[in-house]
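Worksheet for the structure shown next.
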Amino acid sequence: MGANKKRKRRRADLDDRHYLAIELLTTVPTPNLDDIARTCGVDRRTLYRWRLRKDFDKAWRELSRHKAAFRFRRVKRKAYEISRVEDIELILRANKLVG
(Lines give C-alpha, C1' and ligand atoms only; values in the text may rest on other atoms or scores of the structure.)
Protein backbone atom coordinates (compact mmCIF):
# COMPACT_ATOMS: atom_id res chain seq x y z
CA MET A 1 0.00 0.00 0.00
CA GLY A 2 2.57 2.67 0.89
CA ALA A 3 5.44 1.13 -1.08
CA ASN A 4 5.46 3.83 -3.75
CA LYS A 5 5.32 6.75 -1.32
CA LYS A 6 8.40 8.86 -1.06
CA ARG A 7 9.65 9.36 2.46
CA LYS A 8 10.21 12.98 3.32
CA ARG A 9 13.47 13.40 5.07
CA ARG A 10 14.10 16.25 7.41
CA ARG A 11 15.96 19.08 5.78
CA ALA A 12 19.02 20.31 7.64
CA ASP A 13 18.82 23.73 9.25
CA LEU A 14 20.43 26.72 7.59
CA ASP A 15 24.17 26.81 8.17
CA ASP A 16 26.89 29.46 7.79
CA ARG A 17 27.00 29.02 4.00
CA HIS A 18 23.29 29.76 3.75
CA TYR A 19 23.60 32.89 5.89
CA LEU A 20 26.62 34.05 3.88
CA ALA A 21 24.59 33.64 0.69
CA ILE A 22 21.69 35.57 2.22
CA GLU A 23 24.04 38.36 3.29
CA LEU A 24 25.50 38.57 -0.21
CA LEU A 25 22.05 38.48 -1.84
CA THR A 26 20.96 41.46 0.24
CA THR A 27 23.98 43.65 -0.50
CA VAL A 28 23.55 46.63 -2.77
CA PRO A 29 24.48 46.29 -5.58
CA THR A 30 23.89 42.55 -5.62
CA PRO A 31 26.75 40.47 -7.02
CA ASN A 32 25.79 37.92 -9.65
CA LEU A 33 24.71 34.47 -8.51
CA ASP A 34 27.84 32.77 -9.88
CA ASP A 35 30.03 34.94 -7.66
CA ILE A 36 27.82 34.35 -4.63
CA ALA A 37 27.84 30.58 -5.18
CA ARG A 38 31.62 30.58 -5.63
CA THR A 39 32.09 32.58 -2.42
CA CYS A 40 29.86 30.14 -0.53
CA GLY A 41 31.70 27.16 -1.96
CA VAL A 42 28.69 25.67 -3.73
CA ASP A 43 27.50 25.24 -7.29
CA ARG A 44 25.22 27.86 -8.82
CA ARG A 45 22.43 25.29 -9.08
CA THR A 46 22.70 24.64 -5.35
CA LEU A 47 22.21 28.34 -4.71
CA TYR A 48 19.10 28.25 -6.90
CA ARG A 49 17.77 25.29 -4.87
CA TRP A 50 18.48 27.12 -1.62
CA ARG A 51 16.43 30.05 -2.86
CA LEU A 52 13.44 27.69 -3.20
CA ARG A 53 13.63 26.66 0.46
CA LYS A 54 10.98 28.27 2.63
CA ASP A 55 13.32 28.82 5.58
CA PHE A 56 15.99 30.36 3.33
CA ASP A 57 13.41 32.61 1.66
CA LYS A 58 12.05 33.70 5.04
CA ALA A 59 15.51 34.59 6.35
CA TRP A 60 16.32 36.37 3.07
CA ARG A 61 13.14 38.47 3.18
CA GLU A 62 13.65 39.27 6.86
CA LEU A 63 17.21 40.49 6.34
CA SER A 64 16.17 42.43 3.23
CA ARG A 65 13.46 44.23 5.20
CA HIS A 66 15.89 44.96 8.03
CA LYS A 67 18.53 46.38 5.69
CA ALA A 68 15.96 48.43 3.75
CA ALA A 69 14.64 49.91 6.99
CA PHE A 70 18.19 50.74 8.06
CA ARG A 71 18.93 52.43 4.72
CA PHE A 72 15.67 54.38 4.97
CA ARG A 73 16.51 55.58 8.50
CA ARG A 74 19.99 56.59 7.38
CA VAL A 75 18.64 58.57 4.40
CA LYS A 76 15.99 60.17 6.57
CA ARG A 77 18.62 61.16 9.16
CA LYS A 78 20.83 62.62 6.41
CA ALA A 79 17.89 64.61 5.05
CA TYR A 80 17.20 65.92 8.55
CA GLU A 81 20.84 66.91 9.01
CA ILE A 82 20.87 68.67 5.64
CA SER A 83 17.68 70.55 6.49
CA ARG A 84 19.22 71.64 9.80
CA VAL A 85 22.31 72.95 7.99
CA GLU A 86 20.13 74.83 5.51
CA ASP A 87 18.12 76.30 8.39
CA ILE A 88 21.31 77.45 10.09
CA GLU A 89 22.49 79.07 6.86
CA LEU A 90 19.15 80.88 6.50
CA ILE A 91 19.34 82.14 10.07
CA LEU A 92 22.92 83.35 9.59
CA ARG A 93 21.95 85.10 6.33
CA ALA A 94 18.92 86.69 7.97
CA ASN A 95 21.13 88.06 10.71
CA LYS A 96 23.63 89.19 8.06
CA LEU A 97 26.38 87.10 9.60
CA VAL A 98 27.06 85.26 6.33
CA GLY A 99 27.22 86.92 2.91
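Quick note: residue numbers are just sequence positions, from 1.
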Check: Which residue pairs pass the ring pair (Phe, Tyr, Trp, His ring centres under 6.0 Å) test with at least one member in residues 14-37, sequence neighbours excluded?
Finding: His18-Trp50
Next item on the list: Go through the structure and list residues passing side-chain contact (heavy atoms from CB on, under 4.5 Å) with Thr39, not counting sequence neighbours.
Entry: Leu20, Leu24
Next item on the list: Could I get the full list of side-chain contact (heavy atoms from CB on, under 4.5 Å) partners for Arg11, not counting sequence neighbours?
Entry: Arg53
Note to self: The test is side-chain contact (heavy atoms from CB on, under 4.5 Å); show your working for Asp13 and Asp55 and say whether it passes.
What the structure shows: CA-CA 8 Å; Asp13 293 334; Asp55 53 350; 5.6 Å; no
Who are the salt bridge (Lys or Arg N to Asp or Glu O under 4.0 Å) partners of [X], not counting sequence neighbours?
X	result
Asp15	Arg17
Arg73	none
Glu23	Lys67

Next item on the list: In plain terms, say whether Asp35 and Arg38 are close enough for a salt bridge, that is, a side-chain N and a carboxylate O under 4.0 Å apart.
Entry: yes
Note to self: Nearest 0.5 Å, please: how far is CG in Leu33 from CG in Leu25?
What the structure shows: 6.5 Å
Next item on the list: Indicate the atoms forming the closest heavy-atom contact of Trp60 with Ile22, along with that distance.
Entry: CA-CG2, 3.8 Å
Note to self: Testing the basics here: between Leu47 and Ile36, what is the closest heavy-atom pair and its distance to 0.1 Å?
What the structure shows: CD2-CG2, 3.8 Å
Next item on the list: Answer with yes or no whether the side chains of Thr46 and Arg49 bring together a donor and an acceptor at under 3.5 Å.
Entry: yes
